[in-house]
A.B. asks: 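Before I ask anything, let me first share the structure, which is written out below as structure tokens.
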Amino acid sequence: KGLGKPSDDKSCLIVDGMGPLGRDDISTAPIMEALKARGMGCSVAHIDGGKCIPEQLALIFQHKQQLRVCIILGWGSGEYDFGCNEHDGFRQEMVSWVQDKGGTLIVQGERIEYAAGNWPQWFGLNWKSSDYSRTVHTRNENHWSIPWFAKDKDAPKQINAKSCMIDGVEKDDILFGTTENSATFSPVPGFGGRDVKPDQSTFAMSKCGNGIVAFFGDVNAETSTIATVAIISQKKLVGVQNEPTTC
């Protein structure tokens, strides 16, 4: 077993099945619908187990010339990493696909430093897992994407999500993050209204070489999060030009 065969050769690939619930992640269908609403199709590759997954993903990054966006769901959420972290060829092909070929990599997960093998470090990023709670994340109007992101009619100004947040993100790379006034939300007495430290992020995005690397920690596929994923995916596909940056 390994990756289920993608249905066709679209420009966007969703990889799911790494999370604790297996294939058909909670975010898969909403993201597909959001992309479809924007006239975009995507292939879905399901991880069903096995040790050949890194090789298969590496081949996709190397040979699928049409691929512009890759969304990996649950990376760091499940019990296993499926061998991805120890596979140099997979790491090298992913980094090259982003930095040299201009790919957009969007990752959702829980524990960056666990099953995800500190994948941000592959791109020179210092993103680390931090708090897990529901709070409001405010859009950073100083983020480098704002000139085009904020113009989209579906672009949210806030994301209210139960999220595996990250810190260590450069301020210009925090697309949605906490502020000095952030507090937790919870129906359970005693868990709501707690202070949340600022500069944590539920959605971070960085320019890396010719491409983009992004992370979101939302575990409930909130509408605002899904809209953000779709906007970023579509804008890159229609040729948004970013100055090459070394992560």
Side-chain angles (χ1 to χ4, degrees), residues 18-20 25-27 30-31 71-78 98 104-146 149-150 155-208 212-233 245 247:
M18 285 187 164
D25 188 274
I26 189 174
S27 296
I31 290 174
I71 302 169
I72 302 180
L73 302 174
W75 197 9
S77 299
V98 171
T104 294
L105 175 67
I106 304 174
V107 175
Q108 184 273 341
E110 296 178 12
R111 297 159 293 183
I112 283 178
E113 71 279 10
Y114 177 54
N118 270 323
W119 64 264
Q121 290 185 353
W122 301 355
F123 300 92
L125 300 169
N126 294 314
W127 300 353
K128 302 292 183 183
S129 299
S130 54
D131 293 345
Y132 175 57
S133 62
R134 175 175 287 278
T135 189
V136 173
H137 293 258
T138 303
R139 190 171 78 193
N140 176 16
E141 300 301 332
N142 292 318
H143 191 274
W144 53 266
S145 71
I146 289 300
F149 182 85
K157 293 186 177 180
Q158 293 182 328
I159 292 179
N160 185 338
K162 187 176 183 179
S163 176
C164 298
M165 295 177 271
I166 59 173
D167 58 17
V169 183
E170 295 289 335
K171 288 188 179 295
D172 289 346
D173 287 340
I174 297 175
L175 184 53
F176 289 91
T178 56
T179 68
E180 295 287 349
N181 300 318
S182 296
T184 59
F185 287 86
S186 176
V188 180
F191 285 89
R194 295 181 176 181
D195 290 340
V196 177
K197 67 180 182 180
D199 297 328
Q200 298 184 92
S201 180
T202 188
F203 210 120
M205 183 166 67
S206 178
K207 290 188 287 186
C208 291
I212 290 173
V213 172
F215 168 89
F216 69 95
D218 179 356
V219 299
N220 290 326
E222 300 288 351
T223 300
S224 51
T225 299
I226 300 302
T228 300
V229 171
I231 293 167
I232 294 168
S233 299
T245 303
C247 290

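On a predicted model such as this, the values are computed, not experimentally measured, just so you know.
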A.B. asks: Report yes or no: does Thr178 contribute a side-chain atom to a donor-acceptor pair with the main-chain N or O of Lys197 at less than 3.5 Å?
C.D. replies: yes
A.B. asks: Check the surroundings of atom CG in Asn220: do more than 12 heavy atoms from other residues, nucleotides or ligands lie under 6.0 Å from it?
C.D. replies: yes
A.B. asks: Between atom CD1 of Ile231 and atom CD1 of Ile226, what is the distance when rounded to the nearest 0.5 Å?
C.D. replies: 11.5 Å
A.B. asks: Of all heavy-atom pairs between Pro198 and Glu180, which one has the smallest distance, and what is that distance?
C.D. replies: CG-OE2, 3.6 Å
A.B. asks: Under 4.5 Å between any side-chain heavy atoms of Val169 and Phe215, yes or no?
C.D. replies: no
A.B. asks: When rounded to the nearest 0.5 angstrom, what distance separates OG1 in Thr202 from CG in Asp218?
C.D. replies: 5.5 Å
A.B. asks: Show the numbers, then the answer: is there a side-chain contact (heavy atoms from CB on, under 4.5 Å) between Ile166 and Phe216?
C.D. replies: CA-CA 9 Å; Ile166 59 173; Phe216 69 95; over 6 Å; no
A.B. asks: Before you tell me yes or no, could you show the steps for Val229 and Phe203 under side-chain contact (heavy atoms from CB on, under 4.5 Å), namely the whole-Å CA-CA distance, both residues' side-chain angles and the distance that decides it to 0.1 Å?
C.D. replies: CA-CA 9 Å; Val229 171; Phe203 210 120; 3.8 Å; yes
A.B. asks: May I ask you to decide if the ring planes of Trp75 and Trp119 are parallel, tilted or perpendicular, using 30° and 60° as cut-offs?
C.D. replies: parallel
A.B. asks: With a cut-off of 6.0 Å (strictly less than), are more than 12 heavy atoms of other residues, nucleotides or ligands near CD of Glu170?
C.D. replies: no
A.B. asks: Where is the tightest heavy-atom contact between Ser133 and Val196, given as atom of each residue plus distance?
C.D. replies: OG-CG2, 4.4 Å
A.B. asks: What's the spacing between Gln158 CD and Ser224 OG if we round to 0.5 Å?
C.D. replies: 9.0 Å
A.B. asks: Please check: side-chain N/O of Ser130 versus main-chain N/O of Met165, any donor-acceptor pairing under 3.5 Å?
C.D. replies: yes
A.B. asks: I'd like to know whether Lys171 forms a side-chain contact (heavy atoms from CB on, under 4.5 Å) with Asp199, so could you lay out the CA-CA distance, the side-chain angles of the two residues, the decisive distance to 0.1 Å, and finally the verdict.
C.D. replies: CA-CA 8 Å; Lys171 288 188 179 295; Asp199 297 328; 3.0 Å; yes
A.B. asks: Spell out, as yes or no, whether a donor-acceptor pair under 3.5 Å connects the side chain of Gln108 to the backbone of Gly74.
C.D. replies: yes
A.B. asks: For the NZ atom of Lys128 and the CD atom of Gln200, what is their distance to the nearest 0.5 Å?
C.D. replies: 15.0 Å
A.B. asks: Would you compute the distance between atom NZ of Lys157 and atom OG1 of Thr138 and round it to the nearest 0.5 angstrom?
C.D. replies: 11.5 Å
A.B. asks: Using the rule given for side-chain contact (heavy atoms from CB on, under 4.5 Å), can you reason through Leu175 versus Ile232, listing the C-alpha separation, both sets of side-chain angles and the distance that settles it, and then say yes or no?
C.D. replies: CA-CA 11 Å; Leu175 184 53; Ile232 294 168; 4.2 Å; yes
A.B. asks: Do Val213 and Trp127 come close enough that some side-chain heavy atom pair is under 4.5 Å?
C.D. replies: yes
A.B. asks: Looking only at heavy atoms, what is the nearest atom pair of Ala161 and Glu222, with distance?
C.D. replies: CB-CG, 3.9 Å
A.B. asks: Donor-acceptor check, side chain of Asn140 to backbone of Ile174, threshold 3.5 angstrom: yes or no?
C.D. replies: yes
A.B. asks: Shortest non-hydrogen contact from Ile106 to Ser233?
C.D. replies: CD1-OG, 3.8 Å
A.B. asks: Taking Ala221's backbone N and O only, do any of them form a donor-acceptor pair with Thr225's side chain (distance below 3.5 Å, no angle check)?
C.D. replies: no
A.B. asks: Using the ring of each side chain (for Trp, its six-membered ring), is Phe149 parallel, tilted or perpendicular to Phe176, with breaks at 30° and 60°?
C.D. replies: perpendicular
A.B. asks: Asp172 and Trp144: which non-hydrogen atoms are nearest, and at how many Å?
C.D. replies: O-CD1, 3.3 Å
A.B. asks: Could you state the interatomic distance from CD (Glu141) to CD1 (Ile146), rounded to the nearest 0.5 Å?
C.D. replies: 4.5 Å
A.B. asks: Among all residues two or more places apart in sequence or in another chain, which pass the side-chain contact (heavy atoms from CB on, under 4.5 Å) test with Asn160?
C.D. replies: Arg134, Val136, Phe185
